[in-house]
Amino acid sequence: MKIAVINFSGNVGKSTVAHHLLAPRLEGAEVISIESINSDGTETAALRGKEFDELQERMMSRTNVVVDVGASNVEDYIALMQRYEGSHEDFDRFVVPTVPALKQQLDTIATLNQLGELGIPSSKIRLLFNFVDSKANVTKVFARLFEQHRKTSAFVIDSSAVVYENPIYEKIKSVGKTIREVNDDPIDYVAWNAQALQDGSPEHERARIRQMVAIKRLASRVTREHDDAFRLLVH
Ligand SMILES: Nc1ncnc2c1ncn2[C@@H]1O[C@H](COP(=O)(O)OP(=O)(O)O)[C@@H](O)[C@H]1O
Ligand SMILES: [Mg+2]
């Protein structure tokens, strides 16, 4: 399965979804990130044909791939897919994460329109609602997108394809593992914390263990939520 995670908007959760929700559920999947921001903060030139060729090669040498198309590259990427006719056929799914803010919903509609114009079949384009408040009514919060779907039917929309807002995404950044890995991790951090207290371990070490207790407690529900969303996105 080859999946592109794409949206003209930044901060909708593309990288989060690629690393925590999609890649861990596809055997041996690699996440390929197309980001134009260098680590020194400067922007590189636009995504070029040469890089696109390299990407195509990397994709073709793998069975399972998740491509995270950074917001600053989406336009170039879509233009290149237009030039290399049929290249979008390499993907089985285009997952489009979106969030409640109006601007992001409008950007999402623009993204969906562009994908439709490339001739990508609607069944491959899957919307994913992110940053959802657990008490929110999805069809109300994302009313514009449901309306767009009624008009075009150019993508798949399902009010159950949801990622809830959760502090785990922030907390896990310093851990260097996926949520799924932490969830499957057999270490009993509560017991380890008790032991560390008894041993008089330094505070910074105990703080890390406490942090892992919190993350692991959050991880089990989030893992189930990701399992459910994944099923809806790939089936
Ligand atoms: N469901 C969520 N709940 C809470 N924070 C989230 C959620 N999804 C993403 N985030 C946070 O929002 C920020 C933007 O997410 P990111 O995946 O980097 O977006 P993008 O790749 O689209 O720019 C990150 O700090 C991430 O940890
Ligand atoms: Mg990103």
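Side-chain atoms are counted along with the backbone in the values below, which use heavy atoms only and exclude waters and symmetry mates. Atoms within each ligand, like the ligands themselves, are counted from 1 in listed order. Counting from 1, the numbers follow the sequence of the chain as shown.
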So if I count the atoms of ligand 1 from 1 in the order they appear, which ones are less than 4.0 Å from some heavy atom of [X]?
X      : answer
Val163 : 1 (N)
Tyr164 : 1 (N), 2 (C), 3 (N)
Lys14  : 17 (O), 19 (O), 20 (P), 21 (O), 22 (O), 23 (O)
Asn11  : 14 (C), 19 (O), 20 (P), 22 (O), 23 (O)
Gly10  : 23 (O)
Gly13  : 15 (O), 16 (P), 17 (O), 19 (O), 20 (P), 22 (O)
Ser15  : 17 (O), 21 (O)

Top protein contact for [atom], by heavy-atom distance:
atom                    : result
atom 17 (O) of ligand 1 : Thr16 OG1, 2.6 Å
atom 25 (O) of ligand 1 : Lys173 NZ, 2.5 Å
atom 3 (N) of ligand 1  : Asn166 N, 3.0 Å
atom 8 (N) of ligand 1  : Asn130 ND2, 3.1 Å
atom 2 (C) of ligand 1  : Tyr169 CD1, 3.3 Å
atom 10 (N) of ligand 1 : Phe131 CZ, 3.3 Å

Exercise. Check whether more than 12 heavy atoms from other residues, nucleotides or ligands sit under 6.0 Å from atom CD of Glu85, and answer yes or no.
Key: no

Self-check item: Heavy atoms from other residues, nucleotides or ligands near CZ of Arg210 exceed 12 (cutoff 6.0 Å)
Solution: yes

Indicate whether the side chain of [X] and that of [Y] have a donor and an acceptor atom separated by less than 3.5 Å.
X      : Y      : result
Asp199 : Gln195 : yes
Asn130 : Tyr164 : no
Thr139 : Asn137 : yes
Ser15  : Asp68  : yes

Quiz item: Between the side chain of Lys2 and the main-chain N/O of Met59, is any donor-acceptor distance below 3.5 Å?
Solution: yes

Practice problem: Verify, without hydrogens or angle tests, whether Arg126 (side chain) and Leu232 (backbone) share a donor-acceptor contact under 3.5 angstrom. | Solution: yes

Self-check item: Heavy-atom closest pair, residues Ser87 and Phe52
Solution: OG-CZ, 3.9 Å

Practice problem: Examine all N, O or S atoms of Thr16, backbone included, and report whether one is under 2.8 Å from the Mg ion (ligand 2). | Solution: no

